[in-house]
Enquirer: 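Handing you a structure now.
Below, all heavy atoms of this structure are taken into account, side chains as well, without hydrogens, waters or symmetry copies.
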Amino acid sequence: MIAAARGRSAGVTLLGIALIGVVLRVAVLRSFGTFVDDAYIFFRYAENAADGHGLVFNVGEHVQGFSSPLYVLLLTAIGKVIGARHLVGAVQMLSVVLFVAATVVMGHYANHGHRAKWTFLIGWLFWFPFVDGAVNGMETMLFLLLCYGAVLLVAVDRFNPAMIVLALIVLARPEGVLFAVALVGAVVWSGRWHTPWRGVVAAFAILAGWIAAAVAMYGDVIPEPARAKSGVTGTGVGAVTKLVSLTFGVSSGEIDRLDGLIRVLAVVGAFGLTTMTTIGLVMYVRDRSPSAAIAAMPLLTWGLYTIGDPVRVWSWYAVPTAVATWWTTSDVLARWLGRVAAPELARWRPVVTAGAALVALMTVPVGLERRHDSFEGSTTELRRVADAIRQDAPGARLIAVGDVGVVGWETGLPIADLEGLVSEDALRPGPDGKVAVDGLAARRRPDVIVLVADARYSVAVARLVRPVTANEPEDAPPRYRQVAVPGTSRILLLRCGFSDPPGC
């Protein structure tokens, strides 16, 4: 009777935490009402698939410009039901639903021996990178729901469905392969593996089905972003910056902007938390716990990123590893303190939990301010760019742009991708992972080129915005005139002949 009452009380508390998290995340969604640029890449793929054109960004160009097949298929199904143009509103609701589901699953799994359950959940609720990860329009919440759902299924000996979920994890994010291998290894090491053949066969069928479909559609199973965003040529992020980013759930760009003492503290904190995660991994392996997969995920992901060397680590890459780090560290600290002074710890536990909540809550106003600045500098600007294209180039048939998501979604026009992610030019990026602007202009003759107005593109702009000469070589790129986009850091280059005077 007492145990049942405690269970109901814990369930009510968990529901209350989930509701508070919903309120916070809905408030963020209502404040911004938009997502990161990459989310609109998923939307456009889903729109084309729902309209019967296949999983393509540009109709007729078969390029796999997404890294989460499961998420894009989910959005396609939603687009089929409600209409693809309603995806933005649908994903806002989907984000909240996935957050609630992930919270419930995490809470239930934490009941299986996590010594700092409420401290973990408070961090999950308030730490702003986790809030942002739930409302950025990406696959982050889906990935977390599946990962913690898989370990929960293993914990209750449901191995057949766990194998199926592991297949879905692999399709949710490329790093899911690492998590799947770690969890299978943990189960085998535990001695509880009972050869769930039905689940294994179903998992292989799911993966084989996607591999066959990807090869048929794209000629390869490796997504273009994995190639285009790799910094193996030396333009990637340093190993220490990657570690800090993956530990705290923020982008590498945010880490690079930290100055002086704050950066030093962030690096020291990342090494400290990584050490605790490593200790937790050893502890879970010794206890033969499936939580070993959670502790292994940040370490394996950091190793993968060190080898693959992405040119940038975005926040949605880092949120799952940061959640796993917080899960493991809070559990390890609680176990240590419990062994040293259990009675004293019991008295201080509410104070420790309240302190963790306060620290996490302090990140909310800072995170909201940074998110506002980021959206003003990216998504909002790109919407203005799309408006300018509709106004200044109403007959455009091809746009060359690096940030392809918002511009592609808002205009609906074919895109030549300067970053090498979603269009056929992704097959010919330069040594820095980007497509050369003037080379693309000569090959594809886009009607509009969208560039950031800074020194990076000054040479290309000079070659494209040039006076008429008598003896132009035949392979010279077409001429363009330059138009500023008010209220943004972008410029438009409009092709002469498509859009003539003034400037042509």
Side-chain angles (χ1 to χ4, degrees), residues 24 28 36 116 119-134 136 140 231 234-281 295 297-299 301-306 309-334 336-337 348 351-378 454 489:
L24 179 58
V28 174
V36 297
T119 302
F120 165 76
L121 289 173
I122 288 296
W124 163 249
L125 171 65
F126 287 124
W127 184 254
F128 191 79
F130 300 163
V131 177
D132 187 59
N136 58 18
T140 311
T235 59
V237 180
V240 173
T241 299
K242 292 189 192 81
L243 184 67
V244 179
S245 178
L246 295 172
T247 300
F248 293 108
V250 297
S251 70
S252 57
E254 289 286 337
I255 303 302
D256 288 336
R257 285 192 286 271
L258 296 178
D259 295 321
L261 180 60
I262 296 178
R263 183 177 178 87
V264 172
L265 291 175
V267 171
V268 171
F271 275 102
L273 291 171
T274 301
T275 300
M276 296 297 293
T277 302
T278 306
I279 293 171
L281 175 60
M297 181 164 59
L299 305 174
T301 303
W302 180 69
L304 174 67
Y305 283 9
T306 300
D309 196 18
V311 294
R312 189 166 184 177
V313 178
W314 298 99
S315 60
W316 53 92
Y317 300 1
V319 166
T321 58
V323 172
T325 298
W326 181 231
W327 171 282
T328 308
T329 299
S330 58
D331 194 20
V332 169
L333 287 174
W336 279 3
L337 293 174
W348 284 95
V351 176
V352 173
T353 302
L358 180 61
V359 171
L361 187 59
M362 289 171 60
T363 67
V364 173
V366 176
L368 284 172
E369 181 179 359
R370 288 187 177 276
R371 196 174 201 268
H372 179 271
D373 294 342
S374 173
F375 272 67
E376 284 297 318
S378 58
D454 61 26
S489 60

Enquirer: Drop me the distance from Asp331's CG to Met276's CE, to the nearest 0.5 angstrom.
Expert: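 If we round to the nearest 0.5 Å, Asp331:CG and Met276:CE are 10.0 Å apart.
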Enquirer: Would you mind reporting whether Trp302 and Thr321 have side-chain heavy atoms less than 4.5 Å apart?
Expert: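 Sidechains of Trp302 and Thr321: no contact.
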Enquirer: Nearest 0.5 angstrom please: Leu261 CG to Leu265 CG, how far?
Expert: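 Answer rounded to 0.5 Å: 4.0 Å.
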Enquirer: Sequence neighbours excluded, which residues qualify as salt bridge (Lys or Arg N to Asp or Glu O under 4.0 Å) partners of Asp454?
Expert: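 Here the qualifying residues are Arg456.
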Enquirer: Just wondering, do Arg257 and Ile262 contact through their side chains at under 4.5 Å, heavy atoms?
Expert: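 No; the side chains remain at least 4.5 Å from each other.
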Enquirer: Are the side chains of Leu333 and Thr329 in touch, meaning some heavy atoms are under 4.5 Å apart?
Expert: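 With C-beta onward as the side chain, the pair touches.
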Enquirer: Under a 4.5 Å cut-off applied to non-hydrogen side-chain atoms, are Thr274 and Pro298 in contact?
Expert: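 They are not in contact (no side-chain heavy atoms under 4.5 Å apart), so the answer is no.
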Enquirer: Over all heavy atoms of both residues, which pair between Pro320 and Met297 is shortest? Give the atoms and the distance, please.
Expert: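 Smallest heavy-atom distance, with atoms named: O-CE, 3.5 Å.
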Enquirer: Do side-chain atoms of Ser245 reach the backbone of Val250 as a donor and acceptor pair under 3.5 angstrom?
Expert: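 The answer is yes, because a donor-acceptor pair under 3.5 Å joins these two groups.
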Enquirer: Say you draw a straight line from CZ of Arg370 to OG1 of Thr363; how long is it, rounded to the nearest 0.5 Å?
Expert: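 The distance works out to 11.5 Å.
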Enquirer: Would you name the heavy atoms of Leu258 and Ala266 that are closest together and state the gap between them?
Expert: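 What the structure gives for the nearest pair is CD1-CB, 4.0 Å.
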Enquirer: To the closest 0.5 Å, what do you measure between OG (Ser330) and CG (Leu273)?
Expert: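 That separation rounds to 10.5 Å.
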Enquirer: State, yes or no, whether a side-chain contact exists between Arg263 and Ile255 at a heavy-atom distance under 4.5 Å.
Expert: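 Yes - at least one pair of side-chain heavy atoms lies under 4.5 Å apart.
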Enquirer: Which heavy atom in Val313 sits nearest to a heavy atom in Ala318, and how many Å separate them?
Expert: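 Shortest heavy-atom contact: CG1-CB, 4.5 Å.
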Enquirer: Identify the heavy atoms of Gly253 and Arg312 that sit nearest to each other, and give their distance.
Expert: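 So the minimum-distance heavy-atom pair works out to CA-NH2, 3.7 Å.
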Enquirer: Take Lys242 and Thr301 through the side chain to side chain contact (heavy atoms under 4.5 Å, CB included) test and state the conclusion after the steps.
Expert: CA-CA 10 Å; Lys242 292 189 192 81; Thr301 303; over 6 Å; no
Enquirer: Which of these, Phe126, Phe130, Trp327, sits in a ring-ring contact (aromatic ring centres under 6.0 Å, His included) with Phe120?
Expert: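 It is Trp327, the one option of Phe126, Phe130, Trp327 that forms the ring-ring contact (aromatic ring centres under 6.0 Å, His included) with Phe120.
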Enquirer: Please answer whether the main-chain N or O of Phe248 pairs with a side-chain N or O of Trp127 as donor and acceptor at a distance below 3.5 Å.
Expert: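 At least one qualifying donor-acceptor pair exists.
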Enquirer: I need the Asp309 CG to Leu304 CG distance, nearest 0.5 Å.
Expert: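 Taking CG in Asp309 and CG in Leu304, the distance rounds to 11.0 Å.
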Enquirer: Can you name the nearest heavy-atom pair linking Pro310 to Tyr305, along with the distance?
Expert: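 Heavy atoms only, the tightest pair is CD-O, 3.3 Å.
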Enquirer: Of all heavy-atom pairs between Thr277 and Leu299, which one has the smallest distance, and what is that distance?
Expert: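 Heavy atoms only, the tightest pair is CG2-CG, 4.5 Å.
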Enquirer: What I'd like to find out is whether the side chain of Val131 reaches to under 4.5 Å of the side chain of Leu24, using heavy atoms alone.
Expert: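 Val131 vs Leu24: side chains touch.
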Enquirer: Looking at side-chain heavy atoms only, is the closest gap between Trp326 and Thr119 below 4.5 Å?
Expert: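 In contact.
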Enquirer: So, taking the atom named CE in Met362 and the one named CZ in Phe128, what distance separates them when rounded to the nearest 0.5 Å?
Expert: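 Rounded to the nearest 0.5 Å, the CE-CZ separation comes out at 15.0 Å.
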Enquirer: Ignoring hydrogens and angles, tell me if any N or O in the side chain of Thr328 forms a donor-acceptor pair with the backbone of Ala324 under 3.5 Å.
Expert: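 Between the backbone of Ala324 and the side chain of Thr328 there is a qualifying donor-acceptor contact (under 3.5 Å).
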